[in-house]
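Inspection log for the structure reproduced underneath, given as structure tokens.
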Amino acid sequence: MNYWLMKSEPETYSVEAWRKDKKTLWTGVRNYQARNFMTQEMKQGDGVLFYHSNAEPSGVAGLGRVSSDGSESDPTQFDKKSDFYDPKATRDKPIWGCVEVSWLESFARVVSLQDLRANPKLTELGVLKKGSRLSILPVTPKDFKEICRMAGSKTELLAKT
DNA sequence: GCCAACGTTGGC
DNA sequence: GCCAACGTTGGC
């Protein structure tokens, strides 16, 4: 089981929208590295931290898990009306994949970027590294657990280790 | 709105 | 294959 951080601008898709939807296809990723995480490494049951970027404040706003096996193709690549339409993609040879992620918890208080930076235990966290623009980042189990603790999360995702 | 950091594109 | 130009991300 692996752990991930996924970024979204709340104006586009917020943790509250996710809560209402209960689950969502993580479409619109057009970066190869982020795509490869979804298509190759993310597995059903993996833990997901939902991160609000370009937000007030930016930070980790909720928690969920991967609810598909990562083999889905992103339907927006075929949709000419979509901002994410890719003319090079065909249904036989899709270019962009995605995963489905299910909501588990919206944190009562966002764990802000400032809070994350202030925690000396989180030195390895990708989102704190300078120039990190990747929208999907792996998170170590230790950091995942620490962020859940900081959020006062009531969801026990890690358990069996 | 600014701008640093990074990814992608395309000419050569 | 190099690299300049351009576009995007995202904190501030």
Side-chain angles (χ1 to χ4, degrees), chain A residues 2-21 24-42 46-66 70-101 103 105-140 142-144 146-153:
Chain A
N2 291 310
Y3 301 92
W4 307 93
L5 180 145
M6 301 176 90
K7 296 182 190 172
S8 179
E9 304 200 9
E11 280 194 28
T12 307
Y13 194 76
S14 70
V15 75
E16 281 313 289
W18 192 29
R19 180 180 61 79
K20 285 178 197 144
D21 290 347
T24 189
L25 271 184
W26 205 263
T27 58
V29 170
R30 293 296 179 267
N31 169 285
Y32 291 107
Q33 209 179 338
R35 178 201 68 178
N36 292 345
F37 282 141
M38 289 199 286
T39 58
Q40 296 169 20
E41 298 193 38
M42 294 176 84
D46 282 1
V48 172
L49 295 171
F50 191 102
Y51 181 90
H52 280 170
S53 60
N54 270 319
E56 200 51 55
S58 291
V60 180
L63 174 66
R65 70 178 139 220
V66 177
S71 64
E72 322 225 9
S73 75
D74 178 344
T76 64
Q77 69 194 304
F78 309 123
D79 179 1
K80 285 186 181 166
K81 293 192 208 79
S82 168
D83 287 346
F84 305 112
Y85 175 65
D86 186 337
K88 293 194 285 296
T90 65
R91 294 198 180 265
D92 287 342
K93 287 201 169 182
I95 297 172
W96 302 105
C98 62
V99 292
E100 182 189 74
V101 285
W103 176 91
E105 184 176 350
S106 296
F107 295 149
R109 189 176 145 275
V110 171
V111 181
S112 71
L113 194 55
Q114 209 176 5
D115 294 340
L116 295 171
R117 281 194 205 288
N119 188 332
K121 289 181 186 167
L122 301 176
T123 48
E124 292 301 301
L125 195 65
V127 82
L128 299 181
K129 303 230 167 99
K130 190 166 72 167
S132 155
R133 304 187 320 173
L134 206 55
S135 62
I136 300 175
L137 292 161
V139 178
T140 65
K142 190 170 67 66
D143 287 355
F144 190 91
E146 177 64 11
I147 293 166
C148 289
R149 190 195 61 74
M150 291 168 80
S153 169

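Residue numbers start from 1 in every chain, and the chains themselves are labelled A, B, ... in the order their sequence lines are given, proteins ahead of strands.
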With sequence neighbours excluded, residues passing salt bridge (Lys or Arg N to Asp or Glu O under 4.0 Å) with A:D74: A:R30
Output field: ring centroids A:W26/A:F50 closer than 6.0 Å: yes
5'-most contact on DNA chain B (nearest-nucleotide basis), A:K130 vs A:R30, goes to A:K130
Just by distance, do the side chain of A:Q77 and the backbone of A:I95 share a donor-acceptor pair under 3.5 Å? yes
For chain A and DNA chain B, what are the first and last nucleotides along the strand, 5' to 3', with at least one atom under 4.0 angstrom from a heavy atom of the protein chain? B:dA5 to B:dT8
May I have all residue pairs that pass ring pair (Phe, Tyr, Trp, His ring centres under 6.0 Å) and include part of residues 70-93 of chain A, sequence neighbours excluded? none
Does anything in residues 106-121 of chain A come within less than 4.0 Å of DNA chain C? Heavy atoms only, and list the residues if so. A:L113, A:R117
So, taking the atom named CD1 in A:I147 and the one named OH in A:Y3, what distance separates them when rounded to the nearest 0.5 Å? 12.5 Å
Where each residue is assigned the nucleotide of DNA chain B containing its nearest heavy atom, which of A:L134 and A:N54 is assigned the position nearer the 5′ end? A:N54
Using residues 118-130 of chain A as the side-chain source, report each donor-acceptor pair under 3.5 Å to any protein atom, sequence neighbours left out, with the distance given to one decimal.
unit_1: A:N119; atom_1: OD1; unit_2: A:K121; atom_2: N; d: 2.8
unit_1: A:N119; atom_1: ND2; unit_2: A:E146; atom_2: OE2; d: 2.8
unit_1: A:K129; atom_1: NZ; unit_2: A:E124; atom_2: O; d: 3.4

Looking at CG of A:L49 and CZ of A:R65, how far apart are the two atoms once the value is rounded to the nearest 0.5 Å? 13.5 Å
With a 3.5 Å cut-off and sequence neighbours excluded, list the donor-acceptor pairs that the side chains of residues 4-11 of chain A form with protein atoms.
unit_1: A:W4; atom_1: NE1; unit_2: A:D46; atom_2: OD2; d: 2.9
unit_1: A:K7; atom_1: NZ; unit_2: A:S132; atom_2: O; d: 3.2
unit_1: A:K7; atom_1: NZ; unit_2: A:L134; atom_2: O; d: 3.2
unit_1: A:S8; atom_1: OG; unit_2: A:Y13; atom_2: O; d: 2.7
unit_1: A:E9; atom_1: OE2; unit_2: A:N54; atom_2: ND2; d: 3.0

